[in-house]
Number of protein chains: 2
Amino acid sequence: MAGLNQVQRQTGVALWRQIADRIRDAISAGAYDETGMVPPETVLALQFGVNRHTVRSALAALAQEGIVRAVQGRGTLIERKERLNFPITRRTRFTAGIGAQAREMRGLLLDHAEERADADVARWLRLKSGTAVIRLETLRLADKRPVSCATTWFPADRFAGIDEVYRKTESITKAFAELGLPDYVRATTEITAAHADSHDIGTLELTPGAILLIAKAMNTDLDGVPVQYSISRFAADRVQFTIEH
Amino acid sequence: MAGLNQVQRQTGVALWRQIADRIRDAISAGAYDETGMVPPETVLALQFGVNRHTVRSALAALAQEGIVRAVQGRGTLIERKERLNFPITRRTRFTAGIGAQAREMRGLLLDHAEERADADVARWLRLKSGTAVIRLETLRLADKRPVSCATTWFPADRFAGIDEVYRKTESITKAFAELGLPDYVRATTEITAAHADSHDIGTLELTPGAILLIAKAMNTDLDGVPVQYSISRFAADRVQFTIEH
DNA sequence: TTTAAATGTCTATTGATATAGACAACCATA
DNA sequence: TATGGTTGTCTATATCAATAGACATTTAAA
């Protein structure tokens, strides 16, 4: 019974945005799969206890996101409802993990730099603070739709030129292979959630108030030596994580 | 450099709430640990590019949550900044996992019922749809502060009376032990994030727009037979998950 | 073709949000 | 005790968010 969720006033979050978030979640959960349509505006207004115009503002926002499309005389059609599953295992691979669920996977290199490890990066990569590291800023897309953006650090001495190789292969796994590391494993993953900041709202094509799932991950080679530390920021309404034990 | 995050207008999220969310995240990240205080209102107003009164609204909201306390003439002191770490492993235990990080752990039974498994519950517990299951609604607190609320299902035939045992022991692990299951393991965990609905806002003492980390988990006995399926909703600003592989 | 049901558009009004400026009250310290 | 820096309070104004009602337009089905 998605839709009975009441909505709260005077909280700094406009009613139309709360309603848009609820409807988006309901669509993702498959609440309207039978009809492929959102309930009529008057029905939603009744369910949420608001004016029809307020519901219209919410639906306009969802239409702007490309999630629904209103057709006069018929109703409001659902255009998109996917949520990708991202398995987190000892052999976590981004492209392979998402691969079967999308026709086209891409990994774009937005920026890169060689820099000195700060305390956090040094701790995760088990290096001395100040050691040279390579930082990549990447954006991953599934069927041309942004899924996550990530900041990734590598030890500079071992993986010199990985920026260029990643730009070419669009895959960390393939880049490692070309640089002489045929296999690696996931050692640790930390998961948190937060509101998207303005930068990620831009790159991931989100709306303010949108949620990010944030995964801090560290991969090692087969000897247990850290090879990669990354902070990935996923659009929470487009993915879920699965951990199999 | 937390604080340079710009803030967006006309998005349905009031500026004061966006700013409150940013400051809350910055406090959690330890941005103001040196002074133990939030920067002066005039400084924050300059950083966010808004009027000082708007910043005051944001700080008032954080004070309402008990995160900061304003002292006239001195500044705005940080009262709380903890984020509990919740390890997810094959031997995930809630109370033991959080235990060391809080002085007092409690698990309150809010509601319980015996009912018939719907399709989702039946699939996770590998039962026939319609089989009798026991459902518990629980609230977990660390040092009297709500951390998560959960809906949990058990096969009714095997764990009759678990509601009463849980109310007494306040722990799933102990309840299992009393009912003849000394050990169990975590089989699968699915993690998503969503906005809190009005019910969870109430029970977890959140503010609207707040984020939930949602973990769907299934535990089995040592023979691999499902014993428990749960949907836990964590206040995202109070916890993080860690997965060690 | 008529009708019912749905979205689209317009006007008007009220309350919440945000800005602006001025000044009071309080605290630490030079 | 005097000063600078901080939070607290007040008034005023403009814009956004939400409600209310009326009616137009489009679609599908009776």
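Not measured: the values here are computed from a predicted model. The figures that follow rest on heavy atoms only: side chains count, while hydrogens, waters and symmetry mates do not. The chains referred to below are lettered A, B, ... by the order of the sequence lines, with proteins before strands, and numbering in each begins at 1.
Atom pair Arg56(A):CZ and dC10(C):P shows a separation of 11 Å (rounding to whole Å applied). Rounding to whole angstrom units, CG of residue Leu77(B) and C1' of dT7(D) are separated by 12 Å. Between the CD atom of Gln18(A) and the P atom of dA16(C) there is a distance of 15 Å, given to the nearest Å. Rounded to whole angstrom, the span from the CZ atom of Arg74(A) across to the C1' atom of dA29(D) amounts to 13 Å. In this structure, Glu41(A) atom CD and dG8(C) atom C1' are separated by 8 Å, rounded to whole Å. Rounded to whole Å, the distance from CG on Leu15(B) to C1' on dA17(D) is 13 Å.
Rounded to 10 degrees, the angle between the two end axes of the helix from dT1(C)-dA30(D) to dA30(C)-dT1(D) is 30°, with five pairs used at each end.
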Write down the protein N/O and nucleotide N/O pairs, taken from nucleotides 21-25 of chain C, whose separation is under 3.5 Å; answer none if there are no such pairs.
residue, atom, partner, partner atom, Å
dG21(C), O6, His53(B), NE2, 2.5
dA25(C), N3, Gln72(B), NE2, 3.0

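A cation-pi arrangement is not found for Arg22(A) relative to Phe48(A), the charged atom failing to lie both closer than 6.0 Å to the ring centre and inside a 45° cone about the ring normal.
Considering only residues two or more places apart in sequence or on other chains, Phe234(A) meets the ring pair (Phe, Tyr, Trp, His ring centres under 6.0 Å) condition with Phe86(A), Phe241(A). Residues that satisfy the side-chain contact (heavy atoms from CB on, under 4.5 Å) test with Asp120(B), not counting sequence neighbours, are Asp118(B), Arg123(B), Trp124(B), Lys216(B), Tyr229(B). Applying the side-chain contact (heavy atoms from CB on, under 4.5 Å) test to Thr42(B) and every residue at least two apart in sequence or in another chain returns Pro40(B), Arg52(B).
To the nearest 0.5 angstrom, Ile231(B) atom CD1 is 11.0 Å from Cys149(B) atom SG.
Considering only side-chain N and O atoms, Ser57(B) lies nowhere under 4.0 angstrom from the phosphate OP1 or OP2 of dA18(C). Using a 4.0 Å cut-off, no side-chain N or O of Thr76(A) falls inside it from OP1 or OP2 of dA6(C).
A salt bridge links Arg17(B) with Asp21(B); the closest basic N to acidic carboxylate O contact falls under 4.0 Å.
Listed by first and then second residue, the salt bridge (charged side-chain N to carboxylate O under 4.0 Å, His left out) pairs involving residues 26-35 of chain A are Asp33(A)-Lys81(A) (not counting sequence neighbours).
Judged by distance alone, with hydrogens and angles left aside, the side-chain atoms of Thr35(B) form a donor-acceptor pair with the main-chain N or O of Met37(B) at under 3.5 Å.
Within the 4.5 Å cutoff, the side chain of Leu109(A) has no heavy atoms near those of the Glu137(A) side chain.
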